Amino acid sequence: MIEVENLTKSYGKKKVLDGVSFKIKGGEFVSIVGASGAGKTTLIHVLIGKEVVDHGSVKIDNYDVANLKPSKVQEYRRKVGIVFQDYKLLPQKTVFENVAFALEVAGYGQKFIEKRTIEVLKLVGLEEQRNNFPRQLSGGEAQRTAIARALVHDPEMIIADEPTGNLDPANAQALAKLLLRINQYGTTVIFASHNQDLVSTIKKRVITLDRGRVTGDKMNATYK
Ligand SMILES: Nc1ncnc2c1ncn2[C@@H]1O[C@H](COP(=O)(O)OP(=O)(O)OP(=O)(O)O)[C@@H](O)[C@H]1O
Ligand SMILES: [Mg+2]
């Protein structure tokens, strides 16, 4: 359960989040839409504990995310899988190593890491590319590697900011389908995007931001 209450944040005189409130239940798929500059990335940064707010709160499970102590940030992020527009893959590691790395730093044993990494690479359809380096991947494959990395530690929630921003329409559709499939397995998905066509084909809950305010919140919605 995510409870966002009255989030307010300004940069200088400009209010970037202005009284944002909503609740998201475990297992939901929520698209966050709005024009460029509406505040989507700022909101995502607050949800992942990367940005503090002026007022308001974000409660995710037992974490007070908008005011997270530095010592709690790592612990909280382990519960969340994060995917960005620029894939942020490590260039000198293979697909397998990029995904396995997340488990290595968490201290899992080699056998488990091997098994779990192959499992998620299968899920995102990248078993064959496991030994490719990022420069040897298409944009869609690179983004699916980033999704595999976000999923590998079995998070309760995936938060993706404009994950299809660098993809052509066909790859963007494929990525949206993948996120929907991940959601069907029970993972909560929060998907920020200004891609109207894509959000309209996803047809799940849509929260609309306009200049820092929530101006719409509809189930099974399209984005126009
Ligand atoms: N670090 C910052 N300092 C000052 N202003 C900022 C900063 N980060 C964001 N802003 C401003 O906050 C507003 C919201 O930005 P944000 O990145 O959240 O928008 P967005 O909805 O994600 O847009 P886009 O669709 O282009 O990614 C913008 O007007 C932006 O210029
Ligand atoms: Mg953004």
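Bear in mind the structure is a predicted one, so any value in this text is a computation, not a measurement. Whatever order the structure lists ligands and atoms in, that order sets their numbers, starting from 1. Only this structure's heavy atoms are used, side chains among them; waters, hydrogens and symmetry mates stay out.
Relative to the ring axis of Y63, K79 does not place its NZ or CZ within 45° and under 6.0 Å from the centre.
We find that D18 and R211 are not joined by a salt bridge, their nearest charged nitrogen and carboxylate oxygen being 4.0 Å or further apart. Under the 4.0 Å criterion applied to side-chain N and carboxylate O atoms, K40 and D161 are not assigned as salt-bridge partners. Here E119 pairs with R116 in a salt bridge; the nearest charged N to carboxylate O distance falls below 4.0 Å. Classification of E75 and K72 as a salt-bridged pair holds, one side-chain N sitting under 4.0 Å from a carboxylate O.
Looking at ligand 1, you'll find an N or O of A38 within less than 3.5 Å of one of its N or O atoms.
Under 4.0 Å from ligand 1, heavy atoms of K40 appear from its side chain as well as its backbone. Only the side chain of V16 comes within 4.0 Å of ligand 1, judged by heavy-atom distances. Contact annotation: for A35 versus ligand 1, heavy atoms closer than 4.0 Å belong to the backbone alone.
Looking only at protein heavy atoms, the nearest one to atom 31 (O) of ligand 1 is K14 NZ, 4.8 Å. The protein heavy atom nearest to atom 17 (O) of ligand 1 is T41 CB, 3.5 Å. Scanning the protein heavy atoms around atom 23 (O) of ligand 1, the nearest turns out to be G37 N, 2.8 Å. Looking at atom 4 (C) of ligand 1, its nearest protein heavy atom turns out to be Y11 CG, 3.4 Å. Residue, atom and distance of the protein heavy atom nearest to atom 15 (O) of ligand 1 are T42 OG1, 3.8 Å.
Distance screen at 4.0 Å: atom 29 (O) of ligand 1 has a protein heavy-atom neighbour inside the cut-off. At a distance under 4.0 Å, a protein heavy atom can be found next to atom 9 (C) of ligand 1.
In terms of modelled atom types and a separation under 3.5 Å, the side chain of D210 and the main chain of T215 share no donor-acceptor contact. The backbone N or O of S138 lies less than 3.5 Å from a partner atom in the side chain of E141, making a donor-acceptor pair.
In terms of heavy-atom proximity, G212 sits nearest to V20 at O-CG2, 3.2 Å.
Ranked by closest heavy atom to atom 24 (P) of ligand 1, the top entry among G34, S10, S36 is S36.
With a 4.5 Å cut-off on side-chain heavy atoms, Y76 and L68 count as touching.
The Mg ion (ligand 2) has no N, O or S atom of Q85 inside 2.8 Å of it.
Atoms of ligand 1 found under 4.0 Å from any heavy atom of H194 (numbered from 1 in listed order, with element): 25 (O). For ligand 1 and G39, the ligand atoms under 4.0 Å from any heavy atom of the residue are 14 (C), 18 (O), 19 (O), 20 (P), 21 (O).
Using modelled atom types and a 3.5 Å distance limit, the side chains of D54 and T8 yield no donor-acceptor pair.
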